[in-house]
Amino acid sequence: MKATAVAPSNIAFTKYWGRKDEKLRLPANGSIAMCLSNLLTTTTVEFSPPLKKDQIIINGVQETGEVERVIKHLDRIRKIAKINLRAKMVSNNNFPSGTGLASSASGFAALTLAAIKAARISLSEKQVSILARQGSGSACRSIPGGFVEWLDGDSSETSHAIQIFPSNWWKIANVVAIISQKRKEVSSSIGHQAAYSSPFMTTRVANMPEKNKLIKKLIKKKDFKKFGELIEKEALEFHAITLTQNPPLIYWTPGTVLLMKLIQKWRDEGLLVYFTLDTGQDIHLICEAKSVNKVKAKLTQIEEVKDIIVNTPGDGARLSKKHLF
Ligand code: DP6
């Protein structure tokens, strides 16, 4: 059977960086994120008897660097479904991949849901999230929609994401500023493995439960200023780890730094906007929905900003009838 799923990317307000179990992809700490309305992956999977090997096409290209990880993920689903059929998978992002926009999150969330349906197995949302996590950690947060928490857990069964607030809870926005469409040189997957080589990692991990508690409280209270201050500090703390791990990872470009400084300046001038950023040069500007037009107007004046994508809190992974083949 053929099945198609659409899944959102998500932006982490507190970051997943480093793992306590590499094989199971158990994160060093829990994290809080928001699913994004306009950064989407659509994936169609079909398990089919005539196929001799898996056929993986991502954004129109066969044999990309992700093929091995995708096949491994299909194997997990074949094992649960007790089938031995090869699959054809076609997957498209509506945004640039590998630039800090969490393409592996939406990609593995869509793949998981589509493959489960194509293999005719039925799993609970928790089980789908657990399965997605094993493909790419942050993908588990793209299964439930809205504001989500990844419970770090100490076993595979306890490490999954849950919705903490629905998408209509808070009218905030994530305005993505694309600095460049160039792929990052070192993937998050590789970066995670060296996180504990930073001398600051142990302190960070010890403080994360308290930080997560606080961020949930601020989302609940809709205290945008305190929330913004906290997520910006958290993004910088996460980059303090990447910069001090061995070998160090510098994900910023001059355009990234320029924009970070401008955002702080715009704030001083009265525009309530904060930034967060993952492993890439692109920046996620977080503001209240009512400020989106002002933020966009500022960004369009900056030569280094090549594109702008506006997101509101979005739904989680869902099935679709629009197959890609
Ligand atoms: C910096 O989920 O891409 O975006 O589990 O190896 O696929 P893998 O890593 P991935 O890591 C995302 C790291 C981050 C922070 C975050 O999204 O929490």
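Each ligand, and each atom within it, is numbered from 1 in the order the structure gives.
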If you measure every N or O of [X] against every N or O of ligand 1, does any of those distances drop under 3.5 Å?
X      : result
Ser136 : yes
Trp17  : no
Phe238 : no
Arg69  : yes

Inset, instruction - Counting heavy atoms only, name the option from Tyr251, Tyr16, Phe108, Phe13 that's nearest to atom 18 (O) of ligand 1. - result: Tyr16
Legend entry - Lys88 charged N/C atom sitting above Phe325 aromatic ring, 6.0 Å / 45°: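 Verdict for Phe325: a cation-pi partner in Lys88.
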Inset, instruction - Answer yes or no for Lys222 and Trp169: cation-pi contact, defined as NZ/CZ to six-membered ring centre under 6.0 Å and angle to ring axis within 45°. - result: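 Relative to the ring axis of Trp169, which defines the angle, Lys222 lies inside both limits.
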Inset, instruction - Would you mind telling me which of Lys211, Glu149, Arg141 makes a side-chain hydrogen bond (donor to acceptor under 3.5 Å, both in side chains) with Ser31? - result: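 Only match with Ser31 under side-chain hydrogen bond (donor to acceptor under 3.5 Å, both in side chains): Arg141.
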Legend entry - Nearest heavy atoms of Gly191 and Leu249, plus distance in Å: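 Result for this residue pair: CA-CD1, 3.6 Å.
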Legend entry - Side chain, backbone, both or neither: the part of Arg19 lying under 4.0 Å from ligand 1 by heavy atom: side chain
Under 4.0 Å to a heavy atom of [X] - the qualifying atoms of ligand 1, by number:
X      : answer
Ser104 : 3 (O), 7 (O)
Ser189 : 6 (O), 7 (O), 8 (P)
His192 : 6 (O), 9 (O), 10 (P), 11 (O), 12 (C), 13 (C)
Ala12  : 16 (C), 17 (O), 18 (O)

Inset, instruction - Determine whether any heavy atom of Arg141 lies closer than 4.0 Å to an atom of ligand 1. - result: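 Yes, Arg141 has a heavy atom closer than 4.0 Å to ligand 1.
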Inset, instruction - Look at the aromatic rings of Tyr251 and His239 and report parallel, tilted or perpendicular, splitting at 30° and 60°. - result: perpendicular
Is the gap between the ring centers of [X] and [Y] under 6.0 Å?
X      : Y      : value
Phe275 : His284 : no
Phe13  : Phe227 : yes
Trp150 : Tyr16  : yes

